[in-house]
Protein chains: 2
Amino acid sequence: MATRAKYHHGDLRAALVDAALALVAEQGVDALSVAEAARRTGVSAAAPYRHFPTRLDLLKATAARAAELLAAELAKVNELSDPRDRLAETARVYVRFVVRHHAGFDLIFDERLRVGDQALAEAGRAVMDILLPIALEITGDARAALDLLEKHTAAAHGYAVLHLSGFMRRRAPAVEDIAEGAAEVSRALATRDGRSG
Amino acid sequence: MATRAKYHHGDLRAALVDAALALVAEQGVDALSVAEAARRTGVSAAAPYRHFPTRLDLLKATAARAAELLAAELAKVNELSDPRDRLAETARVYVRFVVRHHAGFDLIFDERLRVGDQALAEAGRAVMDILLPIALEITGDARAALDLLEKHTAAAHGYAVLHLSGFMRRRAPAVEDIAEGAAEVSRALATRDGRSG
DNA sequence: GTCTATAGTAGGATAGAC
DNA sequence: GTCTATCCTACTATAGAC
């Protein structure tokens, strides 16, 4: 089909980022290579360097794309009325995301990627702009909201990556079990901070 | 000195594992290479293959060594009388360990490393043999103890790895701040489960 | 903007000498 | 058990043709 043959003519940059994202999902961040991303996109190994000066730049763009996708997932949560329910749901969403993409806040907020990358910084901020108001609604206080969010995030991230390594698999083989565990921690923390429940 | 010149004659295997451990601590698990471990130990690139058939086997031994070191650190906690204090302290110890070694349960319990490696399996079990009794003392119930331990571990691990990526650094620049956050989550969870606080 | 070709680097792993 | 020498593979990045 013409569509397929011209795929990388339309937007090779985006196609490479998609390929990179898939690579990260399959084998982790360190397995990302410019050559393999090019191979999967159907172009030569040199082609990507027109769009990304170095491997690191491709990785930055991939992290930014991941942040956008995560923000889109998290944005869906706002249907629930109780902020504690919403926060707990973001834990589930986050766990599913990390398990699916083999990347999360560790990639999106990686110091080494953020140097001089405004797109990534903005994409990361967009994620926080979804989470912070929820936490703030629970605590009523900015400092406490950050504290709650920090704990909530740490737990969700820990659950996700330990699931990926296999540590959690004996007790909780399914991703949803893991997501539920993270949600429970979130709820335990939010209940404390909200002085209700 | 004779000691230095004969270093790798005494126990090259252990020396390689030490070098591997240092490498992981500096650059992460994926940066571990047999060649570099050999270089640092002062032997040729071929020498390690007498002791480890493949890179993966060196990594397995490294994970086992990490588990032993972690168990030794955790074992020191048993001075405190209140089990909630002890559990919270293991969170601090764990965070410090992961930040220092760039590895924790994700490495020690990695599925891919555990296949057919009894030493690693035993070292991992030794770690759990320290933590489980503490959790059991808090909950009184085996199922609840596993659940508490899972949440406690996820939070501590999440805190540690997110600190390493840089995510936590703006709010909590020091490792001890991170360790404290993990300890607080542990305490929040334990208080719930122990129905006292 | 993409290609082919190529230089340079680094690592995994094996063979055979010592 | 350790060495040197070697093969193979894979990747980053650049130069120059199209």
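Numbered from 1 within each chain, the chains take letters A, B, ... in sequence-line order.
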Between [N] ([atom2]) and [X] ([atom1]): distance, integer Å:
{"X": "A:Asp57", "N": "D:dA13", "atom1": "CG", "atom2": "P", "answer": "9 Å"}
{"X": "A:Phe52", "N": "D:dC11", "atom1": "CZ", "atom2": "P", "answer": "18 Å"}
{"X": "A:Leu59", "N": "D:dA13", "atom1": "CG", "atom2": "C1'", "answer": "17 Å"}
{"X": "A:Asp11", "N": "C:dT2", "atom1": "CG", "atom2": "P", "answer": "10 Å"}
{"X": "B:Tyr49", "N": "D:dC7", "atom1": "OH", "atom2": "C1'", "answer": "13 Å"}

Open item on the list: Going by side chain to side chain donor-acceptor pair (under 3.5 Å), name the pairs with one or both residues in residues 20-34 of chain A, residues two or more places apart or in two chains.
Closed with: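 Output for this query lists A:Glu26-A:Arg40.
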- [ ] Taking side chain to side chain donor-acceptor pair (under 3.5 Å) as the test, write out the residues that go with A:Lys151, two or more places apart.
- [x]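 Applying side chain to side chain donor-acceptor pair (under 3.5 Å) to A:Lys151 gives A:Asp147, B:Glu184.
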TODO: Identify, with sequence neighbours excluded, every residue that meets side chain to side chain donor-acceptor pair (under 3.5 Å) alongside A:Thr54.
DONE: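 Listed in chain order: A:Asp57.
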Under the side chain to side chain contact (heavy atoms under 4.5 Å, CB included) test, which residues partner [X], sequence neighbours left out?
{"X": "A:Ala144", "result": "A:Thr139, A:Asp141"}
{"X": "B:Glu122", "result": "B:Gln118, B:Arg125"}
{"X": "B:Ala37", "result": "B:Leu16, B:Ala19, B:Leu23, B:Leu58"}
{"X": "B:Ala119", "result": "B:Asp117"}

Between the protein and nucleotides 6-11 of chain C, which nitrogen or oxygen pairs come in under 3.5 angstrom?
from, atom 1, to, atom 2, distance (Å)
C:dG11, OP2, B:Arg39, NH2, 2.9

Tabulated below should be each protein N or O lying under 3.5 Å from an N or O of nucleotides 3-5 of chain D; please produce it.
from, atom 1, to, atom 2, distance (Å)
D:dC3, OP2, B:Ser44, N, 2.7
D:dC3, OP2, B:Ser44, OG, 3.0

- [ ] Considering only NZ, NE, NH1 and NH2 on the basic side and carboxylate oxygens on the acidic side, decide whether B:Asp11 and B:Arg13 come within less than 4.0 Å.
- [x]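 No salt bridge links B:Asp11 with B:Arg13.
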